[in-house]
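Let me begin by presenting the structure, written as structure tokens, before commenting on it.
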Amino acid sequence: MASQVLVAANRGPLSYALDADGTLSARRGGGGLVSGLSAALSRQPEALWICAALSDADREAVRRGVSEPGVRMLDIDPAVYDDAYNAIANSVLWFTHHHLYDVPREPVFDAAFHRAWESYVAYNRSFAEALAEEAEQGARVLVQDYHLALVPGMLRVLRPDLLIAHFTHTPWASYDYLRILPSYVREELLWGMLGADVVGFHTHAWARAFLDAMTLDDGHGVATADGEEIAHRRHEAWGDRTTSVRVFPLGVDGDELRKLAHRPEVNDKLAALRAEVAGRKAIVRVDRTELSKNILRGLLAYRELLTVHPEWRGRVVHLASAYPSRQDLAVYRSYTQAVRELAAEINTELGTPDWQPVLVSVEDDFARSLAAYRLADVALVNPVRDGMNLVAKEIPVVSEAGCVLVLSTGAGAYEELREDALTVHPYDVTETAAALHAALSMPSAERAERTKRLAAHATALPPSTWFESQLSALAAP
Ligand code: G6P
């Protein structure tokens with residue numbers, strides 16, 4: 001086994017901006033996947049991260065030969081990239097794994113879809129070829145997420161000597177939901193994933209859903225060997241081989257997070273937020289404006305809380321940060337608009353001259369989010385379905401007075417945090433309103449105890465441990 005480690009992910013650790021005078025500057029890439037992986041990879045001296053050029057500035061950097069050590073960006077044709085990322089990864093695979101379709105109307109697998117699928121295949125092939133070219137004999141390759149589900153299979157054919165892992169940061173669709181996809185698409189996805197030696201998920205629930213897809217489909221087998229689940233598959237190019245299906249939960253690096261949360265910039269934002277909250281209790285949520293995050297039902301639950309328990313009026317503020325995401329997709333733009341409108345409606349209906357019930361921020365302002373974490377009395381994390389949800393782990397670590405976590409049964413974090421959270425069914429607005437009331441009313445000693453245990457669970461498996469356990473699993477697949 002070579003010591004070289006390669007990572008493949010759609011998003012890279014940095015992205016470029018093109019200034020008016022034509023100079024390129026590098027910035028840190030966004031998102032939880034990137035921060036977790038960047039932290040873990042900084043400990044791997046020989047690592048190479050292969051990612052896609054996401055913007056014109058990134059493409060320009062590739063063309064000019066500008067790069068950072070340990071990173072290779074792929075300049076994929078923009079039309080192919082758009083189809084693969086927007087039309088397939090975000091509009092179909094994300095919706096499938098998160099159960100988001102409004103099924104009487106969608107999805108529609110028409111000619112445009114089948115063409116876009118070809119682009120997804122081509123985009124995956126670009127990654128597989130780049131990995132095959134860069135990897136030393138016997139190197140370990142860690143492929144990330146639903147964007148790159150075909151890469152393990154493609155790479156296995158090109159380079160049978162490599163040790164390949166795939167990690168899914170989202171949930172995996174239930175058996176029936178996966179069957180919404182055209183059969184050949186489902187078959188190719190499973191073929192791709194089973195090219196890996198190790199397939200990883202955040203929770204047992206998602207690993208189980210993946211194994212269900214194997215058990216119930218023809219041509220695949222599932223077995224349990226030494227307590228570990230393996231999926232078995234034959235392919236003419238590989239012969240007989242097995243894939244081990246494993247659970248690697250991701251947590252947060254507590255020291256690093258506390259350090260970030262106490263930078264002067266965050267202290268300034270905290271002072272401003274404190275002035276707005278003015279001594280009232282704070283219910284905090286921080287998400288991308290993402291359909292799976294269930295922000296609208298969160299707002300409805302807050303409205304129901306204020307209606308059923310009018311004693312909270314004027315005594316609580318809901319700080320909702322919903323920073324923009326995937327705004328190239330119309331459905332995300334209209335969701336963002338719906339969040340703004342519902343928050344405004346609640347403010348008009350219930351607000352008074354000296355109290356605004358909801359403070360919504362739709363800017364990408366990480367310092368403000370950290371300040372809100374510190375201020376939180378209650379953290380509301382109510383996704384309909386979510387791979388892990390690191391916010392559920394982050395808020396208890398930095399909240400100053402301890403916070404009560406109201407957590408959806410649909411979040412991956414539910415498996416680890418359920419004991420010390422107040423758990424809610426994500427579609428049940430009344431139950432969520434009742435949990436918010438219970439959270440606001442909880443005696444401070446109990447709240448502090450629960451927060452301590454939540455923070456201990458949240459920091460037990462920091463990104464470096466998550467990453468290293470996958471590398472060890474590959475060393476002995
Ligand atoms: C979240 C998900 C990841 C996903 C990422 C992509 O972090 O947990 O599964 O890879 O979003 O987001 P993007 O902004 O790159 O589309």
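Note that the numbering runs from 1 along the sequence shown for the chain. Remember, it's 1-based here, ligands and their atoms both numbered in the order they're listed. Since this is a predicted model, take the numbers as computed values, not measurements.
For the residue pair Asn10 / Tyr123, a side-chain donor-acceptor distance below 3.5 Å is found, with atom types taken as modelled. Side-chain atoms of Glu290 and Tyr335 form no donor-acceptor pair, as typed in the model, at a separation below 3.5 Å.
Salt bridge annotation for Asp176-Arg179: absent, with no cationic side-chain nitrogen under 4.0 angstrom from a carboxylate oxygen.
Side-chain contact check for His457 versus Lys393: every heavy-atom pair is 4.5 Å or farther apart.
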What are the atom names and distances for all N or O pairs under 3.5 Å between ligand 1 and the protein?
unit_1: ligand 1; atom_1: 9 (O); unit_2: Asp145; atom_2: OD2; d: 2.6
unit_1: ligand 1; atom_1: 10 (O); unit_2: Asp145; atom_2: OD2; d: 2.6
unit_1: ligand 1; atom_1: 12 (O); unit_2: Arg326; atom_2: NH2; d: 3.2
unit_1: ligand 1; atom_1: 14 (O); unit_2: Arg11; atom_2: NH2; d: 3.2
unit_1: ligand 1; atom_1: 15 (O); unit_2: Arg11; atom_2: NE; d: 2.7
unit_1: ligand 1; atom_1: 15 (O); unit_2: Arg11; atom_2: NH2; d: 3.3
unit_1: ligand 1; atom_1: 16 (O); unit_2: Tyr85; atom_2: OH; d: 2.5
unit_1: ligand 1; atom_1: 16 (O); unit_2: Arg326; atom_2: NE; d: 3.0
unit_1: ligand 1; atom_1: 16 (O); unit_2: Arg326; atom_2: NH2; d: 3.2

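Between Phe167 and His169, the ring planes are perpendicular. Angles over 60° get that label, and only those under 30° would be called parallel.
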Enumerate, atom names and distances included, each donor-acceptor pair closer than 3.5 Å involving a side-chain atom of residues 146-155, sequence neighbours excluded.
unit_1: Tyr146; atom_1: OH; unit_2: Arg326; atom_2: NH2; d: 3.3

